[in-house]
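Reckoned from all heavy atoms, side chains included, excluding hydrogens, waters and symmetry mates.
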Amino acid sequence: MNLMERKPHTDQDDWRDDIKSELHTKQSEQSEIPMEELDQTQDDEVEEVGGGLAEILQKPFMTPVLLGIIAVLLICIIVLLFLLPGRKRAAQTGANDLQQDITQYAQEQKQNDYVSGMSGETVSVEAPEQTSEEKAGAESGQKTETDTDPDDTFVASDSDKTAIVVDIEDESDVAYSKEFILNEALPYFADNNQAAIWDLAHLKRYVKLSEELEGTDKYYYNGDVNSDGLPHGQGLAIYENNSYYYGGWANGVRSGNGTWFRFYIGKKNKSNAMGKYTEHSYSGEWADDLPNGNGAEHYDVDISKLQVRERILQNVVGNFSNGLYDGELYANTVDYTGSVEEWSGITEKGVFTLWRDMSAIGECSVWRNKDDSSLCMDIDKSENKNQGLRELLKNVARSE
């Protein structure tokens, strides 16, 4: 007999089951929220935020604020449009000024080319080549420009020439006339624009005009004149041999401050050291048609024509008397590599005080190196006279 009996099912148990079923159904319904309701909720939140921004923008004070912001932006844009072209022009102007400064500096270096460098060689300075007349005079025992007595005097080689004064107002219509050329050249000489002067002097029309004066007793002049029609004041003269002068004049002769140029165009002789010199100039004080006072002599050198270990005179600075070196002088030479050395010398009316005399070999030392006093530069002893701007000088013997 089974002692355990199954408990009979009663109505009370059915009631409990019904309650449990209802609770389960309600929990399921609450956990299952439809997606449509979630989207609707998010949209309501966005509408609330957008509505807040719209309400702010619709405030009365916002209109002037927005207009002010727009006005500031427009002003900034306009300012930028004006400033950018100005900056571009300023940059271009600065570049042009820099180029001008570089050009000016190069021209100054052309006149004062002092850089370091030294060579242990000595050099002989050759005299200008004698003309056929000088050679004939030497053979006949007559005096020449390089063989003079101490009592001889010097005048400008072109002192006997007559100025042909050109009136620019009367310029003819003929292309490249002397009037046109002088009018063209004058402002460049007045500004001492040496690069432009070099270019002009090498133009065919300038070379041709200078050639027209060869063998004559004239030169072309454009500038101030006195009541007698003689050059007086400031003016430009064109001579034979591609030579020019611009500066002060007094009653027909060069006087005051001025610059003389000679360009060696197609020349190769001893006057330009057999083609090694391309230009010769003097700038400084003048009186009686010759360099008198402080000044500077300058040679443009084509170093490509120099031999190995060769140096050549480039600048001489100091005092001049009637075109001759007179007093303490300073000079520099340049060698085949472009290196420059500085020298000093002492002169009296074209005669150097010797640092040493080497009569046995016919040479004497006239320049002494500033960095090494034992290093000297020599010339032939017979040439130690009339040292100076020889191309500007002409010897005239004094009457008894």
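- Under the 4.0 Å criterion applied to side-chain N and carboxylate O atoms, Lys381 and Glu363 are not assigned as salt-bridge partners.
- Other members of the hydrophobic cluster containing Ile346, listed by chain and number, are Trp355; membership follows side-chain contacts under 4.5 Å among ILVMFWY residues, whether direct or relayed.
- Side-chain atoms of Tyr221 come within 3.5 Å of backbone atoms of Asp224 as a donor-acceptor pair (strictly under, hydrogens ignored).
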Take Trp286 and Asn292 through the side-chain contact (heavy atoms from CB on, under 4.5 Å) test and state the conclusion after the steps. CA-CA 5 Å; Trp286 293 72; Asn292 273 283; over 6 Å; no

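- For Lys385 and Glu348, the salt-bridge test fails: no basic side-chain N is under 4.0 Å from an acidic carboxylate O.
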Would you check, one step at a time, whether the test ring pair (Phe, Tyr, Trp, His ring centres under 6.0 Å) holds for Phe189 with Tyr244? CA-CA 9 Å; Phe189 280 87; Tyr244 302 81; 5.6 Å; yes

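- Using cut-offs of 30° and 60° for the angle between ring planes, the Tyr264 and His280 rings count as parallel.
- Here the NZ-CG distance, from Lys276 to Asp302, works out to 10.5 Å after rounding to the nearest 0.5 Å.
- Between Glu279 and Arg262, no side-chain nitrogen of the basic residue sits less than 4.0 Å from a carboxylate oxygen of the acidic one, so the salt-bridge criterion is not met.
- Centroid-to-centroid, the aromatic rings of Phe263 and Trp198 come within less than 6.0 Å.
- Looking at Thr347, its side chain does come within 3.5 Å of a backbone N or O of Gly327 through a donor-acceptor pair.
- Listed by first and then second residue, the salt bridge (charged side-chain N to carboxylate O under 4.0 Å, His left out) pairs involving residues 183-196 are Glu184-Arg205 (not counting sequence neighbours).
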